[in-house]
Amino acid sequence: MAATSALNGVSPASSQKTQDFNGVTVVLGAQWGDEGKGKIVDLLATSADVVCRCQGGNNAGHTVVVGDTAYDFHLLPSGIIHKESISVLGNGVVIHLPGLFDEIQKNEAKGLTGWQQRLLISSQAHLVFDFHQQVDGLQESLRGKQLIGTTKKGIGPTYSSKATRNGIRVIDLVHDFDVFAEKYKNLASYFMKRYPDLAIDIEKDLKTYKDYSNTIRPMVVDTVTFMHKQLQDKSKRILIEGANATMLDIDFGTYPMVTSSNCSVGSVCTGLGVPPRHLKEIYGVVKAYLTRVGSGCFPTEAEPAIDLELRTRGAEFGVTTGRPRRCGWLDMVMLRYANMVNGFTGIAITKLDILDTFTEVKIGVAYKKNGVLLEEFPSSQEAFQGIEVEYLTLPGWQSPTDHCRKFSELPSNAQAYVRTIEKLLSVPVKWIGVGKDRSSVIQLD
Ligand code: 2SA
Ligand code: GDP
Ligand code: MG
């Protein structure tokens with residue numbers, strides 16, 4: 001299969017010159033997630049040979065709409081539907097195997113085929129177990145007012161296991177099952193001591209995982225070596241799909257209301273073993289307004305009527321949990337910060353069409369506290385208290401944009417909105433999304 005043949009002929013000597021390598025394209029969420037990354041990845045995946053995930057788990061929910069079919073991806077890279085490309089789950093991803101196979105089954109029912117030949121899983125990726133998910137729920141229930149609003153997919157507890165260094169990796173599962181069983185028992189008892197209410201049937205779980213070990217073994221590879229080979233081959237186009245988003249990044253996001261992985265550009269290096277010098281295009285995906293699912297600060301959160309209109313028109317409900325997303329206006333202070341962290345080479349503005357009905361559209365352009373302009377992005381939840389947002393208000397366009405395929409076809413006020421974002425962020429706009437479908441996009445030169 002592709003995995004085996006792809007590992008042949010790796011030549012360390014040829015890794016010396018930067019110009020011998022391919023440039024990698026990275027797609028990252030610039031806000032609090034659900035910007036429409038899946039759609040942009042799908043668009044770029046039409047010409048990609050390898051599409052990779054480097055962080056997060058099945059907390060992510062990426063939607064790709066092709067004609068009448070809406071695919072939801074959580075762990076699978078959104079490129080998996082492209083028959084010509086290999087999909088990679090890198091070492092930085094945390095993998096819940098029951099969730100992965102459930103996702104595969106659901107997408108098979110929608111027409112996904114041949115994934116067995118196209119999916120590679122890093123031997124170094126950590127496994128999420130059901131008890132991690134239970135612990136996620138228990139931890140949430142103990143948080144009181146500090147509720148994060150996690151997806152309860154076990155993401156935090158699994159990355160904790162990884163950092164505690166008693167986590168279990170894919171290699172443990174596929175290499176020597178006795179060793180896996182030992183590690184599994186130790187990890188389960190570690191959690192049972194801390195959470196006596198946990199229900200873990202170790203023997204039953206081990207039987208299930210024995211089956212998984214056989215199923216996934218052919219897909220498990222050293223993805224560092226695989227990626228290295230792809231980077232050496234100039235004909236290969238490599239695409240990396242960020243999950244979650246910059247403001248959910250464990251370091252740079254609005255801590256502690258964040259996820260437990262790095263979701264910004266650094267995760268490409270740490271979660272795939274791709275050296276930084278190979279990063280060529282770093283595209284930020286920016287929703288034309290702003291949403292957040294879960295708790296935490298949201299300076300530009302809209303008043304109830306606007307919030308409802310955005311949620312209803314934008315169908316702003318979680319892809320993984322179905323939770324309603326909180327909605328508000330575009331926040332340029334946050335976007336500038338996201339750009340400082342990621343160094344975007346271009347952005348995609350998605351869901352412009354959702355703003356079609358508004359009489360005016362607003363952009364938060366500055367944060368003030370006690371009338372004083374803040375020079376830096378607030379670095380704690382407490383620091384967000386008492387923030388006043390200064391807005392730039394632009395006239396709406398109040399006409400449909402979903403049929404537009406050229407920038408010149410957009411109403412002039414919509415053009416002005418896009419150009420204003422571009423100017424305020426100083427990053428070129430490469431795409432504008434005007435509908436759910438794969439084809440509903442305007443490409444700019
Ligand atoms: P977790 O589960 O530990 O990663 O949650 C921590 C915080 O990260 C937020 N988070 C998300 N925010 C937006 N979209 C996400 N994916 C799904 C989607 C979410 C869903 O695509 O709609 O279905 O609800 C996602 N995943 C994590 C989460 O809300 C917490 O604030
Ligand atoms: P992701 O997590 O960033 O991949 O985004 P999600 O899939 O969670 O949420 C984005 C939602 O917006 C999905 O339902 C997409 O189908 C939809 N979407 C993406 N781009 C556009 C767009 O330009 N217009 C409209 N109307 N919907 C879009
Ligand atoms: Mg999503």
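Everything quoted here is computed from the prediction, not taken from an experiment. Just follow the structure's listing: the first ligand is 1, and inside any ligand the first atom is 1. We use all heavy atoms of the structure for the numbers below, so side chains are in, but hydrogens, waters and symmetry mates are not.
Using a 4.0 Å cut-off between heavy atoms, W32 contacts ligand 1 through its backbone alone, with no side-chain atom that close. At a 4.0 Å heavy-atom cut-off, ligand 2 touches R325 through the side chain alone. Heavy atoms from both the backbone and the side chain of D34 come within less than 4.0 Å of ligand 2. Heavy atoms from both the backbone and the side chain of V293 come within less than 4.0 Å of ligand 1. In L352, neither the side chain nor the backbone holds a heavy atom less than 4.0 Å from any atom of ligand 2. With a heavy-atom cut-off of 4.0 Å, L248 touches ligand 1 through its side chain alone.
When distances to the Mg ion (ligand 3) are checked against a cut-off of 2.8 Å, D34 contributes an N, O or S atom below that limit. Residue side and main chain included, G61 places an N/O/S atom under 2.8 Å of the Mg ion (ligand 3).
Within the 4.0 Å heavy-atom shell around ligand 1 one finds R325. Not a single heavy atom of G29 sits closer than 4.0 Å to an atom of ligand 2. Using a non-hydrogen distance threshold of 4.0 Å, G61 registers as a contact of ligand 2. Proximity of R323 to ligand 1 is established by a heavy-atom distance of less than 4.0 Å.
Nearest to atom 24 (N) of ligand 2 among the protein's heavy atoms is D353 OD1, 2.9 Å. Among all non-hydrogen protein atoms, the one lying nearest atom 23 (O) of ligand 1 is T320 N, 2.5 Å. Scanning the protein heavy atoms around atom 14 (O) of ligand 2, the nearest turns out to be K436 NZ, 3.2 Å. Annotation: atom 21 (O) of ligand 1 to nearest protein heavy atom, D34 OD1, 2.6 Å. Scanning all protein heavy atoms for the shortest distance to atom 22 (O) of ligand 1 gives V319 N, 2.8 Å. The shortest contact between atom 6 (C) of ligand 1 and any protein heavy atom is with V258 O, 3.2 Å. When hydrogens are left out, the protein atom nearest atom 24 (O) of ligand 1 is T321 OG1, 2.5 Å; that is the closest non-hydrogen contact. Counting only heavy atoms of the protein, atom 2 (O) of ligand 1 lies nearest to T151 OG1, 2.5 Å. Nearest protein neighbour of atom 19 (C) of ligand 2, counting heavy atoms only, is K39 CD, 3.9 Å. Residue, atom and distance of the protein heavy atom nearest to atom 11 (C) of ligand 2 are K351 NZ, 3.6 Å. In this structure, the protein non-hydrogen atom closest to atom 15 (C) of ligand 2 is T63 CB, 3.9 Å.
Between the side chains of T401 and D356, at least one donor N or O sits under 3.5 Å from an acceptor N or O. Between the side chains of T270 and N262, no donor N or O sits under 3.5 Å from an acceptor N or O. For the residue pair Y184 and D205, a side-chain donor N or O sits within less than 3.5 Å of a side-chain acceptor on the partner. Inspection of the T254 and R292 side chains reveals an N or O donor paired with an N or O acceptor under 3.5 Å. Under the 3.5 Å distance criterion, with hydrogens and angles disregarded, no donor-acceptor pair is assigned to the side chains of W115 and S87. Side-chain contact of E35 with T350: a donor-acceptor pair under 3.5 Å is absent, judged by distance alone.
With ligand atoms numbered from 1 in the order given, ligand 1 contributes 20 (C), 22 (O), 23 (O), 24 (O) to contacts under 4.0 Å with heavy atoms of G318. Residue G433 approaches ligand 2 through these ligand atoms, each under 4.0 Å from one of its heavy atoms: 23 (O). Per-residue contacts place H62 under 4.0 angstrom from the following atoms of ligand 2 (heavy atoms of the residue considered): 1 (P), 2 (O), 4 (O), 7 (O). Numbered from 1 in the order shown, with element, the atoms of ligand 2 that lie under 4.0 Å from a heavy atom of G38 read 4 (O). For ligand 2, the atoms lying closer than 4.0 Å to a non-hydrogen atom of I354 are 26 (N). With ligand atoms numbered from 1 in the order given, ligand 1 contributes 1 (P), 2 (O), 3 (O), 5 (O) to contacts under 4.0 Å with heavy atoms of T150.
Taking the six-membered ring wherever Trp is involved, the centroid distance between the rings of F131 and Y195 does not fall below 6.0 Å. For an aromatic pair to be called close, the ring centres must be under 6.0 Å apart, and H126 with Y159 fails this.
Under a cut-off of 6.0 angstrom, the local environment of NZ in K162 is crowded, with over 12 non-hydrogen atoms contributed by other residues, nucleotides or ligands.
For the pair K152 and D136, the salt-bridge criterion is not met [side-chain N within less than 4.0 Å of a carboxylate O]. Comment: E140 engages R143 in a salt bridge, judged by a side-chain N to carboxylate O separation of less than 4.0 angstrom.
Side-chain contact between W32 and M257: absent, with no pair of heavy atoms (C-beta onward) separated by less than 4.5 Å.
For ligand 2, one of its N or O atoms has an N or O atom of G36 under 3.5 Å away. The shortest N/O to N/O separation between G435 and ligand 2 falls below 3.5 Å. Considering backbone and side-chain N/O atoms, N59 comes within less than 3.5 Å of an N/O atom of ligand 1.
Considering SG of C54 and CG of L272, their distance stands at 5.0 Å, rounded to 0.5 Å. To the nearest 0.5 Å, atom CG of residue L127 and atom CD1 of residue I216 are 6.5 Å apart.
Here the shortest heavy-atom distance to atom 28 (C) of ligand 1, taken over G149, G294, S260, G56, belongs to G149.
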